[in-house]
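Notes for the one structure printed next.
Every chain is numbered from 1, with letters handed out A, B, ... down the list of sequences.
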Number of protein chains: 2
Amino acid sequence: MTSIHDVARAAGVSISTVSYALSGKRRITETTRRKVEDAVRELGYRPHAGARMLAGSQTFILAVTEPLRSYTYAPAHMAFVLAVAGAARRHDYDVLLLTQEEATAGLRRVTSSRLVDGIVVLDVTTDDDRVALVRTLDVPSVVVGVPADTDGLVCVDLDFEAAARLVVDRLADAGHRVVGLLGHPHAVYVQGSNFPPRVRDAFLARAQERGLEARFVMPERDTASARAAVTELLGPDGDCTGLVMHCEESVQTTALDLLRERGLAVPGDVSVVSVASTFDTAALPVPLDVVPLVPERSCDRAVELVMAQLAGGVEPVVELLEPTYVAHGSVGPPP
Amino acid sequence: MTSIHDVARAAGVSISTVSYALSGKRRITETTRRKVEDAVRELGYRPHAGARMLAGSQTFILAVTEPLRSYTYAPAHMAFVLAVAGAARRHDYDVLLLTQEEATAGLRRVTSSRLVDGIVVLDVTTDDDRVALVRTLDVPSVVVGVPADTDGLVCVDLDFEAAARLVVDRLADAGHRVVGLLGHPHAVYVQGSNFPPRVRDAFLARAQERGLEARFVMPERDTASARAAVTELLGPDGDCTGLVMHCEESVQTTALDLLRERGLAVPGDVSVVSVASTFDTAALPVPLDVVPLVPERSCDRAVELVMAQLAGGVEPVVELLEPTYVAHGSVGPPP
DNA sequence: CTGAAAGCGCTTACAG
DNA sequence: CTGAAAGCGCTTACAG
């Protein structure tokens, strides 16, 4: 293995000059810097990670904790993990993946052994052990999502409440009087992620504010349950003309299939909007209006906030990212 | 931060004794060991990761590379990543996640900086850059899957060929004369993972050996495409009575929905088997016989083989794990 | 069975 | 603007 001494020798400088040339932490003559860089390139030098950790007390590793619960929607969660990894790399950081079975123990282990410089907590539940732990850990940490108690935390998340309001408003403005929310499975609301209840509550509250009748159903993931749920939402006399979907892609597909079978046109007979979806709703059987949840947005910001904590003080804060409404022609006036 | 010196002082021994007591690398008196362990516990001591890497030239970190391509089935791939992480932890290893955008560059970086002790390569394609790189890297590596050129590699994988043969045999033995394979989207076969072609080829070959007529279709992921594909497989006169599914859960669900709509009973009218599925086929609308792909099995073995390489010599080998047929009553004689 | 000490490869005050 | 050197916290021969 080629070490910093080899580089120093090849460049004809001292090892401290090599170190500083590489880190940019002190001013170096242009010519010296070039000599060092040439030597680095020629020798294929790469600093020893462990030595850097020990001497510099920086690891350039972030811990990412994502409990892939059985009832979570894998594609979306995977997208968040990958988005964190991507964002981290842009700051020259690698990502250590901590899984469910080891959530809090793992966080303890990697922080107290100084393996990581910071933590990104993904998919927090309302009352999350990892959040309680992170609060005590004194390691730069960012929570993606909003737990019940945000005291002392740095949180980033899409403003799900605003997202829900956006779609309700759009439907109300178009003239719909009865709107229905097709939600996630029941288990998700009970023990799951923090955001489905936030969407539900804001949806119901805004509908009331706008004087709309609102319905809410929580289908399981199977086709039959999804179909029954949509049927229930539409109502026996089909008075519900505005459908909001906050559920998995397959359930949204099933819902659209059912509408088609029933001869209900979108948006001619029923207007449909997807909220907080991570997939491309334009690729559904009917391209759907959407207030998207963009993992990259939340995760880029989360990593930025870890870096900011590393660099200096960041006050505890709950940052809610403003949602955007993307139209694809699936909302119109009621028939 | 409490260091090994603090522990040594508290236990009244030298730091080398602490180190050896913890690593078990040399014989220690029972009483001494206990004194050390007590001190460790009281002080909450955790060895500094960087110092261990530097002094011991072991990092206790494994790199996992998983290119989540857009056309891959996220739940299955996530399951593999998690299975590797779980297996690694059981050997006291952590897992560093390397993503698509950085696949080969990332492997180079983490190995040449001595950040990882070994590599697990997930979801290899037939002709995979990462495999070519890993071969030259001289770091313990295991490939999950079978690339075209396995020379010099340690590969582990389900024996997909045997799995395909198992289901064909089961259908042939039950008396079916025409069988159809519902495959993955076309893109997967062209540029994707290595195993779909293996299933396809073995399926077709075994069908021929058994004197069966065999069909093969590659639906996209949407409902319409899936329905069309099943219709095509069954044939205009419904002569195909044995359906094999090697595709995503949603497509399998759609297929079963279609059969039900057509009034075709399983297995009364059509026998159906799922092959190499990572989800629970017993939870489908009709519980399906399956030759499961169990991520934990492949990944446990993959991690074991990395550990074996770390411990000493392991010859290059392609280990194919024997498939198991799990019956759920979805195969019977043809009508 | 245990200890004193070298050394792993860096970073960063400390000097000049 | 650059260098010599201390020191980060371990592991592991080397002694006894």
Report which part of the nucleic acid B:S16 touches: base, sugar-phosphate, or nothing (heavy-atom distance under 4.0 Å, all strands). base
How would you label the contact of A:S19 with the nucleic acid (heavy atoms, under 4.0 Å): base, sugar-phosphate, or nothing? base
Report the residue (B:G50 or B:S23) whose heavy-atom-nearest nucleotide on DNA chain D is the more 5′ of the two. B:G50
Using a heavy-atom cut-off of 4.0 Å to chain A, what are the terminal contacting nucleotides of DNA chain C, in 5' to 3' order? C:dG9 to C:dC14
What are the two closest heavy atoms between A:I119 and A:V121, and how far apart are they? CG2-CG2, 3.8 Å
Parallel, tilted or perpendicular: ring planes of B:F160 versus B:F195, cut at 30 and 60 degrees: parallel
Donor-acceptor pair between B:D117 and B:T59 side chains, under 3.5 angstrom: yes
Just verifying a value: how many Å separate A:M53 CE and B:L54 CG, rounded to the nearest 0.5 Å? 10.5 Å
Flag if over 12 foreign heavy atoms under 6.0 Å of CZ, B:R108: no
Starting from Watson-Crick (N1-N3 plus N6-O4 or O6-N4) and G-U wobble pairs under 3.5 Å, report the runs of at least three that DNA chain D belongs to. C:1-3 with D:14-16, C:5-12 with D:5-12, C:14-16 with D:1-3
Base, sugar-phosphate alone, or nothing: which one does A:S57 contact when heavy atoms must sit under 4.0 Å apart? nothing
May I ask you to decide if A:S57's main-chain N or O and A:R114's side chain share a donor-acceptor pair within less than 3.5 Å? no
Nearest heavy-atom contact between A:T136 and A:A132 is CG2-O, 3.4 Å
Residue whose nearest DNA chain D nucleotide is more 5′ - A:I15 or A:I28: A:I28
Please check this pair: side chain of B:D38 against backbone of B:K35, looking for a donor-acceptor N/O pair closer than 3.5 Å. no
